[in-house]
Structure formats: structure tokens, C-alpha cells
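Take this structure first; my questions come after.
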Amino acid sequence: MRKDLEQILVEFRQEVERVATDEHLKQLHGKYFSREKGVLSAQLRRIREIPVAERPGFGQDVNLLKQEMEAEFDRLTRTLADEDYHRRVEQERLDITLPAVGLPRGSFHPIKMVEQELCGIFERMGYSIVEGPEIETDFYNFGALNFPPDHPARDEQDTFFVAGGRYLLRTHTSPVQIRTMQQLAPPLKIIAPGKVFRKDTPDATHYPIFHQIEGLVVAENVSLADLKGTLHDFARQFFAPDVRVRLRPSFFPFVEPGAEVDISCIFCGGSGCRICKQSGWIEILGAGMVHPNVFVNCGLDPEEHTGFAFGMGVDRMAILKYGVPDIRMFWENDVRFLNQFWYVQ
Ligand code: DAH
């Protein structure tokens with residue numbers, strides 16, 4: 001090949017070495033292969049200046065140059081496409097051995113979990129679970145439970161009445177005691193979980209809807225000692241093995257005697273703290289021996305039957321055991337709060 005043409009090939013190859021992008025490749029193509037302005041066309045046009053005798057040789061050399069350059073250019077095009085392909089494969093690489101991203105899992109509401117935890121303790125003691133309606137009559141919610149007609153709890157202030165006063169939203173789970181004694185013959189050992197409703201203004205410890213678990217045992221010769229033993233056993237299982245229990249005399253129309261039940265403070269162990277108001281004790285539920293009038297109202301002979309009953313707030317139990325600062329958090333449904341109860345069950 002003629003020296004001047006060979007020089008063009010050398011320069012072309014040097015430029016090829018430097019091409020890294022498609023854009024650059026296009027420029028190179030234009031510079032060398034364009035019909036009007038390309039280096040090759042310019043060489044072909046030179047033929048007129050070449051002495052006639054040298055023209056055939058020159059023509060062959062330009063053709064050779066053209067073939068070499070085209071081959072070189074094709075190689076370059078393929079290399080670039082190859083590199084691009086590998087780069088994309090690398091970028092889009094999927095590691096199928098990575099663990100999958102888990103979908104968020106739903107779970108029971110904390111109140112439901114604590115309710116199940118509480119019921120489970122009594123079920124293992126041989127209690128059956130029963131349920132009653134949330135919409136009740138005055139008879140089941142108050143009358144049959146020995147509330148006198150003028151008892152303040154019946155007041156509009158506390159009770160949500162519905163259907164023009166014909167019905168009400170139960171203010172406690174105690175009416176399930178009455179329904180159970182009407183329907184099932186003693187001996188009875190039941191617990192009744194459920195929602196209850198009171199016209200309370202929401203604050204850290206009150207909410208107009210909350211949850212209770214009612215307990216009722218009816219049999220021969222049931223004593224206050226049985227009640228205390230049962231509640232102590234329950235408290236040890238739910239709170240801590242070394243928790244102490246005490247009964248303080250109190251009044252509920254449907255029990256006699258009636259008591260409020262305290263546990264030794266689970267926060268300070270009984271020495272006195274802010275939570276137990278320095279008393280060393282925390283109230284957890286109401287209880288007592290079933291009142292003779294309640295047996296009569298259910299068609300049972302009070303001479304023949306004895307029994308105890310108790311009622312506890314599920315929300316309150318959850319608040320105490322899990323250190324929840326505000327009952328309203330159970331209603332906000334903030335998953336950051338709800339997720340923290342995964343370990344309850
Ligand atoms: N029903 C009562 C309340 O809501 C709680 C209660 C107290 C239930 C004493 C009982 C009981 O069964 O014996 O405040």
C-alpha cells in the first residue's frame with residue numbers, strides 16, 4: 001500500500017483505539033466514511049491528480065484501505081455492543097439467593113391478645129367461655145343484678161340508652177352471669193369476655209368503650225377462700241409468681257360480701273412508688289360472693305347454691321402488665337404501637 005494511504009490507516013487505527021461511546025463511534029464513521037466529507041471519498045477524488053500510469057495501483061490501494069477500515073470499524077462496533085451488553089447484565093443482575101423482602105404481617109390487636117392470655121389462664125383452670133349481647137335490657141344489666149331502681153349507675157350520665165330507652169349498651173359484663181344462670185344448670189364455672197360501654201370522657205385511663213372479663217362459679221359450698229385462692233392463682237400466672245393478693249371490703253349490689261381485689265405493686269414490689277401512689281398495692285378487679293337475690297332473680301334457690309363472681313378490665317390489665325401509658329393508644333391503631341405486642345402469645 002502507498003505510504004500516504006498507509007499513514008491514513010495508522011491514524012484511523014489510533015482513533016479506533018480511543019472510541020468508547022456510541023456517539024464517538026458515529027463521529028468516527030462520519031469522519032472517514034461520509035460520501036461528501038469523508039477521508040475515504042477525498043482519497044477517491046484524488047485519482048484525477050494521479051498520473052494515468054499509477055491510477056490502477058492507486059485505485060487498488062484505496063480499495064484495500066477501504067476494506068481494512070471497514071473491517072476495523074465492524075470489529076469496533078461489535079466490541080462496543082458487547083461491552084454495553086455486559087455492562088447492562090452487570091447492572092441488572094439479580095441475586096436470587098438473597099432472602100425475599102417480607103410482607104408486613106397482620107396480627108391480633110393487643111387487647112385481643114391480652115384477652116386471650118387472660119381467658120387462657122381460666123380455661124386451664126377448667127372454666128368455659130361464654131358470651132352475651134352488647135345491647136342489653138335494664139333487667140339484665142341492672143335489675144336482675146340487684147341494683148335498686150334509683151341506683152346512680154342507671155343514670156343517663158353513665159349509660160348509653162338505645163331505641164328510645166328500651167335497650168342500653170351494657171355497662172359491664174355482669175349481665176352474662178344472669179343469662180348463664182338462666183340457661184345452664186349448676187355447677188357452673190364460666191368466664192365471659194366482651195366490650196362494655198360507659199359515657200366516660202376519654203382521658204389516659206378512661207374510654208367510652210372498654211373490655212371486661214366476668215367470672216362466675218356456682219356450686220355447693222363455694223367459699224370466699226375459694227375466690228381468693230382462684231384470684232391469687234390467676235394473678236401469679238398473669239403478673240408474677242411472687243405477687244401477693246388482698247381483698248378489701250367493697251360494695252357491689254350483686255355480691256355479698258363484695259370486695260375490691262389488689263395485687264402487691266408489680267412496679268415497686270410493695271415498697272411504694274408513683275404508680276401505686278405509695279400504697280404498695282394496685283387494684284385489679286371487683287369480686288364477691290353471689291348475692292342471694294341474684295340467685296332468686298335467676299330462679300335458683302339461694303339455700304342450695306353458693307357462688308363467687310369477679311369482673312376485671314382487660315384494658316387495665318394490659319396497661320398494668322405492659323406499661324401502656326394511655327388507654328387511647330389502643331384505639332389509635334398506630335402500627336408502631338401495635339407491633340410491640342408480637343411477643344404476648
Ligand atoms: N361489674 C363490676 C364493674 O363493672 C365489676 C364486678 C365487681 C364484677 C364485682 C363482679 C363482681 O362479678 O363480683 O365495675
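Sequential numbering from 1 along the given sequence is applied to the chain's residues. First listed ligand is number 1; within each ligand, the first listed atom is number 1.
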Would you say CZ of R45 has more than 12 non-hydrogen atoms from neighbouring residues, nucleotides or ligands within 6.0 angstrom?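 Enclosed.
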Going by heavy-atom distance to atom 9 (C) of ligand 1, choose the closest among G286, G215, S250.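 The residue whose heavy atom sits nearest atom 9 (C) of ligand 1 is G286.
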Less than 6.0 angstrom separating the ring centers of F122 and F310, yes or no?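 Ring centroids of F122 and F310 are less than 6.0 Å from each other.
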Any atoms of ligand 1 less than 4.0 Å from a non-hydrogen atom of G288? List them with their elements.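 By the 4.0 Å cutoff, the relevant atoms are 13 (O).
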Using 30° and 60° as the class limits, which term best fits the ring planes of H172 and F142: parallel, tilted or perpendicular?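 Answer is tilted, since the angle falls between 30° and 60°.
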Classify the angle between the aromatic ring planes of F254 and F252 as parallel (below 30°), tilted (30 to 60°) or perpendicular (above 60°).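 Because their plane-to-plane angle lies in the 30° to 60° range, the rings of F254 and F252 count as tilted.
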side-chain hydrogen bond (donor to acceptor under 3.5 Å, both in side chains) partners of Y140, counting only residues at least two apart: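 side-chain hydrogen bond (donor to acceptor under 3.5 Å, both in side chains) list for Y140, sorted by chain: Q182.
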With heavy atoms of A309 as the reference, note each atom of ligand 1 found under 4.0 Å away.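 Ligand 1 atoms under the 4.0 Å threshold to A309: 12 (O), 13 (O).
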Can you list the atoms of ligand 1 that are under 4.0 Å from a heavy atom of Q177?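 Counting atoms of ligand 1 from 1, those under 4.0 Å from Q177 are 12 (O).
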For atom 3 (C) of ligand 1, find the nearest protein heavy atom and state the residue, atom name and distance (0.1 Å precision).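 It is R198 NH2, 3.7 Å.
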For ligand 1, find out whether one of its N or O atoms is nearer than 3.5 Å to an N or O atom of T171.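 It does not: no N or O of T171 is found under 3.5 Å from an N or O of ligand 1.
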Which residue and non-hydrogen atom of the protein lie closest to atom 11 (C) of ligand 1, and at what distance in Å?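 It is F254 CE1, 3.3 Å.
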Close-contact set for ligand 1 against Q212 heavy atoms, below 4.0 Å: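 Once the distances to Q212 are compared, the set is 3 (C), 4 (O).
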Give every residue pair that meets the side chain to side chain donor-acceptor pair (under 3.5 Å) criterion with at least one member in residues 321-332, sequence neighbours excluded.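 Residue pairs with at least one partner in residues 321-332: E117-K321, E117-Y322, D326-R328.
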Give the contacting part of F310 toward ligand 1: side chain, backbone, both or neither, where contact means a heavy-atom distance below 4.0 Å.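 Only the backbone of F310 comes within reach of ligand 1.
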Suppose I only count heavy atoms of S174 and a 4.0 Å limit; which atoms of ligand 1 are within that range?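 Close to S174: 1 (N), 8 (C).
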Quick test: of every protein heavy atom, which one is nearest to atom 12 (O) of ligand 1, and how far off is it to 0.1 Å?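 Looking only at protein heavy atoms, the one closest to atom 12 (O) of ligand 1 is E214 OE2, 2.7 Å.
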In ligand 1, which numbered atoms sit nearer than 4.0 Å to a non-hydrogen atom of F252?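 Here the atoms of ligand 1 in question are 7 (C), 9 (C).
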Looking only at heavy atoms, which two atoms of F108 and M113 are closest? And how far apart?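 Shortest heavy-atom separation between F108 and M113 comes out as O-CE, 3.3 Å.
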Determine the sole option in I190, T180, L188 for which the side-chain contact (heavy atoms from CB on, under 4.5 Å) test with V218 is passed.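 For V218, the side-chain contact (heavy atoms from CB on, under 4.5 Å) test succeeds with only one of I190, T180, L188, which is L188.
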